[in-house]
Amino acid sequence: MAKRDYYEILGVDKNADAKTIKKAYRKLAIQFHPDKNPGDKEAEDKFKEAAEAYDVLSNPEKKQRYDQFGHQGMDGMGGFGGFGGGGGMNMDDIFSQFGDIFGFGGSRGGGGERRVKGSNLRIRVKLTLEEIAKGVTKKVKVRRKVQADGVTFNTCSACQGRGQVTRVVNTMLGQMQTSTTCPTCNGAGKMIDKKPSGSDQYGLIEKEEVVSIEVPAGVAEGMQLNVRGKGNEGPFNGVNGDMLVVITEVEHEFLKREGANLHYDLYINIADAALGCSPQIPTVDGKAKINLEKGVQSGKILRLRGKGLPNIEGYGKGDLFVHINVWTPKELTKEQEDFFKSMREHDSFQPKDLKNEKSFFDRVKEMFS
């Protein structure tokens, strides 16, 4: 089943400002809140759908990408609408990220307490062009906080495990009841009872772990992927944070990247330029043989379609542009020098047909047409 348009879900137009988007989401979130619709699977799905739409439209970067590419452009962006996808979303995700919409943060526990979310980890992963071209599974060692063995908890006596404290205030209109996050346990509903030596105030210790990261083909320098649940564990058996993976490209020895396209500078000597040749050039998946006709000119650009990188949005592959450079020798033997002197005035060595040769700007324009 195709995903619904995010603007349609929230009932706003594309020009809606952040305040309007938040107001629309809050209205839907309250309408389909699981506490108001216990056991209603349809209401739960609409609650999640609204949260996914708000996650994208409330983030300027994600919103811009969605406006340009639609749902397909969300791959690799992180969050509900990105790496990991909205389908993997659960209630803990929603309440931990958007809890302030309802008047509290964190995630709900079974008794109404707030489940505290652990902090995110941020790492960098280096990728070669070959890995970017095919996609790759990277295994990395990270140190993340996890709950230490032997930690025990007590129910918070201030809120009796609810995570919230209720106050009754007398006003001119009568008594008004307000609920706020419990200041004693910070909304967790629990307090540390016992913790082993070496753990922090929340009973957490650092532990080294190997994490597998699925990197899709076509990622680019600076792009951020979100691996859910692989950040630090939340205190008091809370929700795990996420691992934010920032992509760093390793510069290729020969190929230069420009978006999904690649560029290669091919240098040939005067003899090859005059006689024609069939050199091999590097590509991201090996080598390719190209044919250069007799009299090929320096500055000519050959376009090898589909020999670039996959497009991250899934729109096919880029191209490989081969830039021809004729290398002029700086030193000549006496025999070679005599030859070129004898050819200096020869008709075949005179530039001609220049009006039929494309200019540099024409070639660049043709590259991207």
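Just the heavy atoms: all of them, side chains too, but no hydrogens, waters or symmetry mates, feed the values below.
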Check for a donor-acceptor pair, side chain of [X] on one end and backbone N or O of [Y] on the other, with a separation under 3.5 Å.
| X | Y | value |
| --- | --- | --- |
| Asp200 | Leu204 | yes |
| Gln350 | Arg344 | yes |
| Asn120 | Gly241 | no |
| Gln280 | Lys287 | no |
| Thr20 | Ala16 | no |
| Asn261 | Asp319 | yes |
| Gln336 | Thr333 | yes |
| Gln64 | Glu61 | no |
| Thr152 | Lys194 | yes |
| Asp193 | Phe153 | no |

Can you check side chain to side chain contact (heavy atoms under 4.5 Å, CB included) on Asp285 and Glu130, steps first, answer last? CA-CA 7 Å; Asp285 54 5; Glu130 289 81 3; over 6 Å; no

Over 60° means perpendicular and under 30° means parallel, so tell me whether Phe349 and Phe340 are parallel, tilted or perpendicular.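 Perpendicular, since the angle between the ring planes exceeds 60°.
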
Can you name the nearest heavy-atom pair linking [X] to [Y], along with the distance?
| X | Y | result |
| --- | --- | --- |
| Leu255 | Pro282 | CD2-O, 3.7 Å |
| Leu129 | Arg257 | CD2-CD, 4.2 Å |
| Ala188 | Phe236 | CB-CD1, 3.5 Å |
| Ala50 | Leu10 | O-CD2, 3.9 Å |
| Tyr66 | Leu57 | CD2-CD2, 4.2 Å |
| Ile9 | Glu49 | CD1-CG, 3.3 Å |

Starting from the C-alpha separation in whole Å, work towards a yes-or-no answer on side chain to side chain contact (heavy atoms under 4.5 Å, CB included) for Lys63 and Asp67. CA-CA 6 Å; Lys63 183 177 184 297; Asp67 288 344; 3.4 Å; yes

Any chance the rings of Tyr25 and Tyr54 have centres within less than 6.0 Å?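 Close enough - the centres of the two rings lie under 6.0 Å apart.
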
[Y] reachable from [X] in the ILVMFWY side-chain graph, under 4.5 Å edges:
| X | Y | value |
| --- | --- | --- |
| Ile270 | Ile324 | yes |
| Val326 | Ile281 | yes |
| Met243 | Val146 | no |
| Ile123 | Ile247 | yes |
| Val284 | Ile290 | yes |

Which pairs with one or both residues in residues 137-146 pass side-chain hydrogen bond (donor to acceptor under 3.5 Å, both in side chains), sequence neighbours excluded?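 Pairs touching residues 137-146 that pass the test: Glu131-Lys138, Thr137-Glu214, Arg143-Glu206, Arg144-Glu209.
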
Are side-chain heavy atoms of [X] and [Y] found at a separation under 4.5 Å?
| X | Y | answer |
| --- | --- | --- |
| Ile268 | Leu292 | yes |
| Val227 | Asp242 | no |
| Leu320 | Tyr264 | yes |

For Ser278 and Asn291, run side-chain hydrogen bond (donor to acceptor under 3.5 Å, both in side chains): C-alpha distance rounded to whole Å, both residues' side-chain angles, the deciding distance at 0.1 Å, then the answer. CA-CA 4 Å; Ser278 299; Asn291 294 316; 2.7 Å; yes

May I ask you to say whether Glu337 pairs ionically with Lys341, meaning some side-chain N is under 4.0 Å from a carboxylate O?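 Between Lys341 and Glu337 there is a salt bridge, with a charged N closer than 4.0 Å to a carboxylate O.
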
Between Asn226 and Gln224, does the side chain to side chain contact (heavy atoms under 4.5 Å, CB included) criterion hold? Intermediate values first, please. CA-CA 7 Å; Asn226 188 350; Gln224 181 173 286; over 6 Å; no

Selection residues 242-262 - residue pairs positive for ring-ring contact (aromatic ring centres under 6.0 Å, His included), sequence neighbours left out: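 Every pair satisfying ring-ring contact (aromatic ring centres under 6.0 Å, His included) with a residue in residues 242-262: there are none.
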
